[in-house]
Amino acid sequence: MAEEVIILKDLKLVPDKYYDYSQTLRNSKTPIVIDNGSFTCKAGWATSSVPNLIFKNILARPRKERGKKDGETLIGNDIANIEAVRFQLKSQFDRNVITQFNVQEQIFDYTFSHLGIDSNGSINHPIIITEPVANPNYSRLLMSELLFECYHVPGICYGIDGLFSYQHNGHNDKTGLVVNCGHHTTHIIPVINGTPDLINSRRIDVGGYHITYYLHKLLQLKYPAHYNAITPSRAEELIYEHGFLAVHYTDALKQWSDPEYYDHNVKRIQLPYSMAVVLTPDQQRDKRREMAKKLVEMNARKRDEKLAEDEEQLHQLLMIREMIEDGEPIEEVREVLRSHGLKNEKDLRKLIIDLQTRIDRAKSKIAAASLNASNIEEHEEPKLRFFKNKIQLPKEESISKIWLKDIYKKRQDIIDKKTVRKQRRQDMAKRGTAASLERMRLISQLARKDKRDDDFGSRDEDWDVYKVINKEGGDTDSEEEQEKISELEEVLRFYDPTFVSSNTYEEQNPKEAHQLHFGIERMRCTEVLFQPSIIGCGQGGITDTIEFILKKYNVQTANDIAENVFLTGGPTKLPYFKQRVYRELREMRPLESNINVKLSDSPFLDAWFGAREFASKHDFHKYLLTPEMYAEMGGDYFIENYCSNMYYPLPEAVQEPEGLSEQNIEI
Amino acid sequence: MANNPVDELSQREEKKHVFKDSTFDNSKTVNGKKKLWRSLKQITAQERNLPWPDNSINYSSISAPPSFKPAKKYSDISGLIAKYKDPQTSLYYAGHEEFSTVRNLPSDIITGYLTLRGSYNPIG
């Protein structure tokens with residue numbers, strides 16, 4: 001089992017289809033449900049059983065190239081290979097909040113056109129759309145503006161994705177705790193008797209994105225040779241196929257440190273590779289000869305074409321000359337001359353001579369080339385022999401021994417030089433070593449104020465002092481040296497059967513060299529959700545934050561909350577997520593208290609389902625923000641519902657008149 | 001006749017988004033310059049400066065607090081619990097086998113690990 005090698009799937013996205021805008025939909029004002037997540041957007045009719053569209057909430061705008069027509073902007077599932085356009089990707093999100101509304105507009109265009117809507121100048125369907133907890137008023141204002149003024153929707157309803165998911169899973173008026181793990185953020189929202197207690201909610205700025213990012217970087221650092229082959233999409237695939245959460249992280253780490261356990265549980269991932277084809281000298285020569293032949297042929301073909309063209313032109317010109325000699329009418333001759341771009345008879349004669357010399361030259365060249373072709377092979381042989389001469393073993397045994405010794409010494413010298421340099425570098429990094437003391441002495445000497453007889457720099461050697469005080473020691477490990485070593489080693493391997501190479505790494509077979517060992521990383525990267533400190537995030541993890549929130553309630557309420565912990569959002573699909581939360585809650589809560597952790601039925605889609613159910617309620621219209629209200633109450637206004645944020649009007653609006661009146665007084 | 005394909009194309013282009021208000025301009029050009037969208041940082045900074053009522057919530061107020069437990073240290077290379085820190089590279093490592101690896105790492109990998117952990121300080 002341990003030897004099993006996993007091949008990456010590298011799934012390609014399939015473009016979304018366009019739905020029909022049926023007559024019933026057209027006339028019924030069916031709400032459109034959009035779960036606008038920063039990872040994927042789920043959109044569909046409230047009458048559909050599953051979202052009609054599920055696509056990555058990104059677009060790729062091709063770079064503008066000079067002289068080329070602008071390429072088409074690709075959105076969501078139109079992007080077959082994300083890695084190919086990685087640097088052109090754009091998202092409307094800044095963390096979990098929408099800020100780039102021009103991108104959002106294009107995403108809406110994509111959504112509505114794929115739903116098949118073709119009504120003129122407006123969308124006759126109310127929109128129910130998700131937004132983050134405590135979405136800034138500014139962002140909501142722009143969203144309402146976009147939907148009302150660009151699409152003229154009849155109504156908007158805003159809600160929080162995690163709460164829709166909670167409702168969908170049948171928690172209507174229960175007390176509980178929603179843990180909603182998103183792409184960029186994780187929200188923890190306590191719900192008291194069905195009403196979200198948003199004031200005591202908290203947001204951790206870590207989510208699925210950070211898991212992928214961490215794994216991507218970790219693998220790149222672990223396998224610098226495969227830097228480009230390790231892509232974010234591959235990291236994502238690895239996490240969702242093989243990642244999991246450790247129920248008890250430190251215990252699990254101890255298990256992994258056992259080599260046998262490691263071997264048994266590590267996943268070997270095969271990166272795509274191509275066999276490096278090594279050609280023998282004979283093959284190389286053949287290949288070179290073939291290339292040369294092709295080149296010669298190509299040249300010859302070009303020359304022939306040109307020759308034919310010239311001959312044709314000459315023929316025509318001669319005809320014209322004949323015409324003139326035959327005494328055709330001048331008008332006609334002039335016309336013909338003009339059609340060939342000539343002014344008069346003199347030009348014609350000159351051109352004919354030019355053409356004739358050109359044709360002659362080309363013909364002699366062709367004759368020379370055919371002669372050359374037979375000579376090429378003779379030219380090549382001595383060249384190769386010259387290569388072979390470069391490293392030649394002396395014939396006598398005693399001399400060859402000395403020669404070999406010399407090569408060994410050369411190699412050892414380079415290696416010694418390298419180790420000395422490394423030692424120096426290490427010494428420099430420490431304080432108090434002789435090397436660093438000497439360095440400090442030199443620096444202080446250089447910086448000394450009184451330089452009465454300052455002739456520094458008059459000799460070239462003076463400048464060497466900078467090499468000495470440089471921490472790197474003046475010169476670094478150069479590739480040149482490494483090349484020299486491998487060259488010498490190759491010679492030794494050839495002439496001395498007892499020689500053992502210093503690095504056996506390169507002799508590994510390419511299949512194994514292209515394998516990633518995905519071991520502790522399987523749970524190390526997912527751990528960022530519970531210990532954000534791993535990636536340098538100062539906030540507490542999921543369970544730390546749950547503990548913080550529970551402390552804000554009295555004992556009874558805290559118990560009620562702990563009895564109903566609900567997990568939703570993409571990353572909660574990871575194996576053992578539930579067990580992990582349960583284990584930590586058990587340690588945190590008082591002895592023998594009731595703890596229940598429930599995973600959402602479908603962590604990825606439940607927010608959409610919940611929003612759809614909300615939109616299907618008979619009193620849905622009560623919660624709709626209408627264009628009239630938008631015009632009357634201000635752009636950031638919306639109607640609260642039991643799954644939404646709370647509305648706080650921008651305080652600014654109240655203060656503005658005061659500021660204005662003050663200004664007036666001053667004037 | 002020759003214009004027909006062009007007409008068709010433009011029609012299709014229009015047809016794609018007939019549901020939109022053609023007068024709506026989202027790019028908001030001001031004096032010929034494109035208006036830049038505010039970043040989340042700018043939005044929250046502005047939000048924080050407003051005099052909100054006492055019991056209100058906003059984006060910054062629901063940010064999770066730091067953990068009360070000390071952050072555990074894990075080896076940068078293997079991920080195992082780190083008992084030691086190399087004073088030269090300031091990488092964490094778990095045992096003597098890892099130490100030689102740590103010392104032989106090229107400097108870009110070292111800074112890579114430190115940056116990933118959020119503790120890379122180029123000044124010293």
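Everything numeric here is computed off the predicted structure, so don't read it as measured data.
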Engineer: Quick one: which of Ser533(A), Gly536(A), Ser119(A) has the most heavy-atom pairs under 4.5 Å with chain B, could you say?
Structural biologist: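 The residue among Ser533(A), Gly536(A), Ser119(A) with the greatest pair count is Ser119(A).
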Engineer: Under the side chain to side chain contact (heavy atoms under 4.5 Å, CB included) criterion, do Phe24(B) and Glu105(A) qualify, and how do the steps go?
Structural biologist: CA-CA 11 Å; Phe24(B) 183 79; Glu105(A) 184 183 334; 4.2 Å; yes
Engineer: Before giving the answer on side chain to side chain contact (heavy atoms under 4.5 Å, CB included), spell out for Trp37(B) and Leu142(A) the whole-Å C-alpha distance, their side-chain angles and the decisive distance to 0.1 Å.
Structural biologist: CA-CA 10 Å; Trp37(B) 299 100; Leu142(A) 289 174; 4.1 Å; yes
Engineer: For a quick check under 3.5 Å, do Ser67(B) and Gln539(A) share a side-chain donor-acceptor pair by atom type?
Structural biologist: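 Their side chains do not contain a donor-acceptor pair, so the 3.5 Å distance test is not met.
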Engineer: Sort out for me which of Gln531(A), Met523(A), Lys217(A) touches chain B most, counting heavy-atom pairs under 4.5 Å.
Structural biologist: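 Answer, by heavy-atom pair count under 4.5 Å with chain B: Gln531(A).
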Engineer: Is it the backbone or the side chain of Thr545(A) that comes under 4.5 Å from a heavy atom of chain B, or both, or neither?
Structural biologist: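 Thr545(A) touches chain B through side-chain heavy atoms alone.
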Engineer: How many angstroms lie between atom OG of Ser61(B) and atom CZ of Arg202(A), to the nearest 0.5 angstrom?
Structural biologist: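 If we round to the nearest 0.5 Å, Ser61(B):OG and Arg202(A):CZ are 6.5 Å apart.
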Engineer: Pick whichever of Leu36(B), Asn104(B), Thr23(B), Asp108(B) has the most heavy-atom pairs under 4.5 Å with chain A.
Structural biologist: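 Most heavy-atom pairs under 4.5 Å with chain A: Asn104(B).
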Engineer: Who are the ring-ring contact (aromatic ring centres under 6.0 Å, His included) partners of Phe148(A), not counting sequence neighbours?
Structural biologist: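 So Phe148(A) forms a ring-ring contact (aromatic ring centres under 6.0 Å, His included) with Tyr630(A).
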Engineer: Once salt bridge (Lys or Arg N to Asp or Glu O under 4.0 Å) is applied, what residue pairs with a partner in residues 527-540 of chain A remain, sequence neighbours excluded?
Structural biologist: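 As it turns out, the salt bridge (Lys or Arg N to Asp or Glu O under 4.0 Å) pairs with a partner in residues 527-540 of chain A, which skip direct neighbours, are Glu527(A)-Arg580(A).
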Engineer: Are side-chain heavy atoms of Leu116(B) and Tyr214(A) found at a separation under 4.5 Å?
Structural biologist: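 Yes. Closest side-chain heavy atoms under 4.5 Å.
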Engineer: For side chain to side chain contact (heavy atoms under 4.5 Å, CB included), just list the numbers for Ile62(B) and His187(A), CA-CA rounded to whole Å, side-chain angles, deciding distance to a tenth of an Å, and then say yes or no.
Structural biologist: CA-CA 9 Å; Ile62(B) 61 158; His187(A) 285 100; 4.3 Å; yes
Engineer: Could you name the residues of residues 69-78 of chain B that have a heavy atom within less than 4.5 Å of a heavy atom in chain A?
Structural biologist: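 Residues Lys69(B), Ala71(B), Lys72(B), Tyr74(B), Ser75(B), Asp76(B), Ile77(B), Ser78(B) are the ones that qualify, each having a heavy atom under 4.5 Å from chain A.
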Engineer: If you count heavy-atom pairs under 4.5 Å with chain B, which of Cys150(A), Ser139(A), Pro136(A), Ser201(A) comes out on top?
Structural biologist: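 Among the listed options, the one with the most contacts to chain B is Cys150(A).
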Engineer: Name the region of Ile520(A), side chain, backbone, both or neither, that has any atom closer than 4.5 Å to a heavy atom of chain B.
Structural biologist: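 Looking at Ile520(A), just its side chain touches chain B.
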Engineer: So which residues of residues 79-96 of chain B are in contact with chain A at a heavy-atom cut-off of under 4.5 Å?
Structural biologist: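 Listed by number: Gly79(B), Leu80(B), Ile81(B), Gln88(B).
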Engineer: If we define contacts as heavy-atom pairs under 4.5 Å, which of Gln220(A), His152(A), Lys254(A) has the most with chain B?
Structural biologist: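 Of the options given, most contacts go to His152(A).
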Engineer: Measure Tyr249(A) against the heavy atoms of chain B and call it side chain, backbone, both or neither at under 4.5 Å.
Structural biologist: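 Only the side chain of Tyr249(A) comes within 4.5 Å of chain B.
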Engineer: Between Asp94(A) (side chain) and Leu40(B) (backbone), is there a donor-acceptor pair under 3.5 Å?
Structural biologist: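 Answer holds: yes.
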Engineer: Cationic tip of Arg95(A) within the cone over Tyr59(B)'s six-membered ring, i.e. under 6.0 Å and within 45° of the normal?
Structural biologist: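 No; the conditions do not both hold, so Arg95(A) does not lie above the ring face of Tyr59(B).
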Engineer: For Tyr151(A), is it the side chain, the backbone, both, or neither that has a heavy atom closer than 4.5 Å to a heavy atom of chain B?
Structural biologist: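 Backbone plus side chain of Tyr151(A), per the 4.5 Å heavy-atom cut-off to chain B.
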Engineer: Can you measure from CG (Asp118(A)) to NE2 (His17(B)) and round to the nearest 0.5 angstrom?
Structural biologist: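 With rounding to 0.5 Å, CG (Asp118(A)) is 13.0 Å from NE2 (His17(B)).
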Engineer: Tell me which of these, Gly538(A), Pro132(A), Gly121(A), Gly519(A), has more heavy-atom pairs under 4.5 Å with chain B than the rest.
Structural biologist: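 Highest number of pairs under 4.5 Å: Gly121(A).
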Engineer: Quick one: what part of Asn49(B) sits under 4.5 Å from any heavy atom of chain A, side chain, backbone, both or neither?
Structural biologist: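 Neither the backbone nor the side chain of Asn49(B) comes within 4.5 Å of chain A.
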Engineer: Report which part of Ser119(B) has an atom under 4.5 Å of a heavy atom belonging to chain A: side chain, backbone, both, or neither.
Structural biologist: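 Neither the backbone nor the side chain of Ser119(B) comes within 4.5 Å of chain A.
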Engineer: Of the options Asn124(A), Asp109(A), Val153(A), Leu115(A), which is the one that meets Phe19(B) in a side chain to side chain contact (heavy atoms under 4.5 Å, CB included)?
Structural biologist: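 Considering Asn124(A), Asp109(A), Val153(A), Leu115(A), a side chain to side chain contact (heavy atoms under 4.5 Å, CB included) with Phe19(B) is found only for Asp109(A).
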Engineer: Out of curiosity, Asp21(B) CG to Asn120(A) CG, how far, rounded to the nearest 0.5 Å?
Structural biologist: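 Output value for this atom pair is 11.0 Å.
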Engineer: Going by heavy atoms in the side chains, are Pro224(A) and Ile109(B) under 4.5 Å from each other?
Structural biologist: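 In contact.
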Engineer: Evaluate the side chain to side chain contact (heavy atoms under 4.5 Å, CB included) criterion for residues Arg38(B) and Tyr138(A): first the C-alpha distance (whole Å), next the side-chain angles of each, then the deciding distance (0.1 Å), finally the verdict.
Structural biologist: CA-CA 10 Å; Arg38(B) 269 187 223 168; Tyr138(A) 180 78; 3.6 Å; yes
Engineer: Nearest 0.5 Å, please: how far is OH in Tyr648(A) from CD1 in Ile57(B)?
Structural biologist: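 One finds 5.5 Å between CD1 of Ile57(B) and OH of Tyr648(A).
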Engineer: Examine whether an atom of Glu149(A) lies under 4.5 Å from a heavy atom of chain B, and if so say whether it belongs to the side chain, the backbone or both; otherwise answer neither.
Structural biologist: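 For Glu149(A), heavy atoms of backbone and side chain both lie under 4.5 Å from chain B.
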Engineer: What part of Ile188(A) gets within 4.5 angstrom of chain B, counting heavy atoms only: side chain, backbone, both, or neither?
Structural biologist: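 Neither the backbone nor the side chain of Ile188(A) comes within 4.5 Å of chain B.
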Engineer: What part of Phe548(A) gets closer than 4.5 Å to chain B, counting heavy atoms only: side chain, backbone, both or neither?
Structural biologist: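 The answer is the side chain of Phe548(A).
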Engineer: Under a 4.5 Å heavy-atom cutoff, which of Pro53(B), Gly118(B), Pro66(B) has the most pairs with chain A?
Structural biologist: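 Result: the option with the highest number of such pairs is Pro66(B).
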Engineer: Calculate, to the nearest 0.5 Å, the distance between atoms NZ and OG belonging to Lys20(B) and Ser122(A) respectively.
Structural biologist: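 Answer for the NZ-OG pair, Lys20(B) versus Ser122(A), is 14.0 Å.
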Engineer: Once you round to the nearest 0.5 Å, how far does CG of Leu50(B) lie from CG of Asn137(A)?
Structural biologist: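 Going from the CG atom of Leu50(B) to the CG atom of Asn137(A) covers 9.0 Å.
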Engineer: Taking every heavy-atom pair that is under 4.5 Å apart, which of Ile199(A), Val133(A), Ile204(A) has the most such pairs with chain B?
Structural biologist: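 The option with the most such pairs is Ile199(A).
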